[in-house]
Amino acid sequence: MESKNFFDDVYDVVRQIPVGRATSYGSIAKFLGSKLSARMVGWAMNACHGMPDVPAHRVVNRNGVLSGKHFFGSPTAMQELLEQEGIGVENDKIKNFKNVYWDPSAELL
DNA sequence: GTCCTGACTCTTC
DNA sequence: TGAAGAGCCAGGA
């Protein structure tokens, strides 16, 4: 656990994402120190499969596209999860992403 | 021990 | 304005 210091930080932020909201990889990376690459955040998500407390489906790319939907087992699993939380998803992209966007640097900090 | 890949983002041509 | 390339860190082979 502690060995994944960086991963744990990412999970901690993702875990605090309120229901009905979503954030981007870059925002999390920036919140962690802006020195971390957004790729690392995505990589952390890749290892979050054993973390049921980590809503990876709430983490999308800068355009609000469900880039990692394919990693959820089903290309629609991520979309359905978001819809269940009240987040509108269309064409694999979050509708009104600007409205559901959650900035950890502004909400947490 | 070294090389490649990876769920992204930013800068430059 | 649109597209392409480079950069970041960590894990796996």
Side-chain angles (χ1 to χ4, degrees):
Chain A
M1 289 255 190
E2 288 72 27
S3 304
K4 300 170 185 172
N5 198 334
F6 167 73
F7 287 69
D8 191 44
D9 281 344
V10 177
Y11 302 146
D12 188 48
V13 176
V14 177
R15 238 176 274 165
Q16 293 180 71
I17 300 176
V19 178
R21 298 289 177 183
T23 189
S24 63
Y25 301 95
S27 298
I28 297 172
K30 187 174 184 179
F31 175 73
L32 293 178
S34 53
K35 288 176 172 57
L36 301 170
S37 306
R39 277 187 175 180
M40 273 283 81
V41 179
W43 231 97
M45 299 287 97
N46 188 15
C48 84
H49 279 235
M51 308 257 179
D53 292 73
V54 182
H57 60 274
R58 289 183 196 157
V59 184
V60 295
N61 68 2
R62 201 65 162 114
N63 300 314
V65 180
L66 286 65
S67 315
K69 66 181 193 214
H70 185 76
F71 285 68
F72 275 72
S74 295
T76 54
M78 191 173 184
Q79 179 177 332
E80 290 186 21
L81 283 169
L82 291 170
E83 289 182 331
Q84 285 178 35
E85 295 185 352
I87 300 177
V89 180
E90 187 173 277
N91 196 19
D92 298 335
K93 287 187 289 188
I94 296 178
K95 295 189 294 185
N96 301 325
F97 181 55
K98 184 180 178 182
N99 189 31
V100 301
Y101 179 68
W102 181 78
D103 188 351
S105 302
E107 302 297 322
L108 291 178
L109 187 54

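None of the values given here were measured: they were computed from a predicted structure. In what follows, chains are A, B, ... by sequence order, proteins preceding strands, each numbered from 1.
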Check nucleotides 6-8 of chain C against the protein and report each pair of N or O atoms closer than 3.5 Å, with its distance, or say if there are none.
unit_1	atom_1	unit_2	atom_2	d
dG7(C)	O6	Arg39(A)	NH1	3.2
dG7(C)	O6	Arg39(A)	NH2	2.7
dC8(C)	O4'	Ser37(A)	OG	2.8
dC8(C)	N1	Ser37(A)	OG	3.1
dC8(C)	O2	Ser37(A)	OG	2.6

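Atom-to-atom, CG of Asn46(A) to P of dG6(B) comes out at 11 Å; the value is rounded to the nearest Å. The interatomic distance linking Met45(A) (CE) with dT9(B) (P) rounds to 13 Å, in whole Å. Put simply, CG on Asp8(A) is 15 Å from P on dA10(C), counting in whole angstrom units. Atom pair Asp9(A):CG and dA10(C):P shows a separation of 12 Å (rounding to whole Å applied). Taking atom CH2 on Trp43(A) and atom C1' on dC4(B), their separation rounds to 12 Å, with Å as the unit. In this structure, the CZ atom of Phe7(A) is 14 Å from the P atom of dA7(B), given to the nearest Å. One atom, CD of Gln79(A), and another, C1' of dA7(B), lie 16 Å apart when rounded to the nearest Å.
For residues 41-69 of chain A, there are no ring pair (Phe, Tyr, Trp, His ring centres under 6.0 Å) pairs, not counting sequence neighbours.
The gap from the C1' atom of dA7(B) to that of dA3(C) amounts to 22 Å, rounded to the nearest Å. Spacing between dA6(C) and dC4(B) at atom P, rounded to whole Å, works out to 14 Å.
Atom OH of Tyr11(A) and atom CD1 of Ile28(A) lie 11.0 Å apart (nearest 0.5 Å).
A salt bridge is defined here as a Lys NZ or Arg NE, NH1 or NH2 lying under 4.0 Å from an Asp or Glu carboxylate O, and Arg58(A) with Glu85(A) meets this definition.
With sequence neighbours excluded, no residue forms a side chain to side chain donor-acceptor pair (under 3.5 Å) with Glu80(A). For Lys69(A), the side chain to side chain donor-acceptor pair (under 3.5 Å) partners two or more places apart in sequence, or in a different chain, are Asp92(A). The side-chain contact (heavy atoms from CB on, under 4.5 Å) search around Asn63(A) returns Asn61(A), Val65(A), not counting sequence neighbours. In this structure Asp12(A) satisfies the side chain to side chain donor-acceptor pair (under 3.5 Å) test together with Gln16(A), sequence neighbours excluded. Listed by chain and residue number, Ser27(A) satisfy the side chain to side chain donor-acceptor pair (under 3.5 Å) test with Ser24(A) (two or more places apart in sequence, or in another chain).
Near DNA chain B, meaning a heavy atom under 4.0 Å away, the residues from residues 54-75 of chain A are Ala56(A), Asn61(A), Arg62(A), Ser67(A), Gly68(A), Phe71(A), Phe72(A).
Other residues sharing a hydrophobic cluster with Leu81(A) under the 4.5 Å side-chain heavy-atom criterion for ILVMFWY residues are Val60(A), Leu66(A), Phe72(A), Met78(A), Leu82(A), Ile87(A), Val89(A), Ile94(A), Phe97(A), Val100(A), Tyr101(A).
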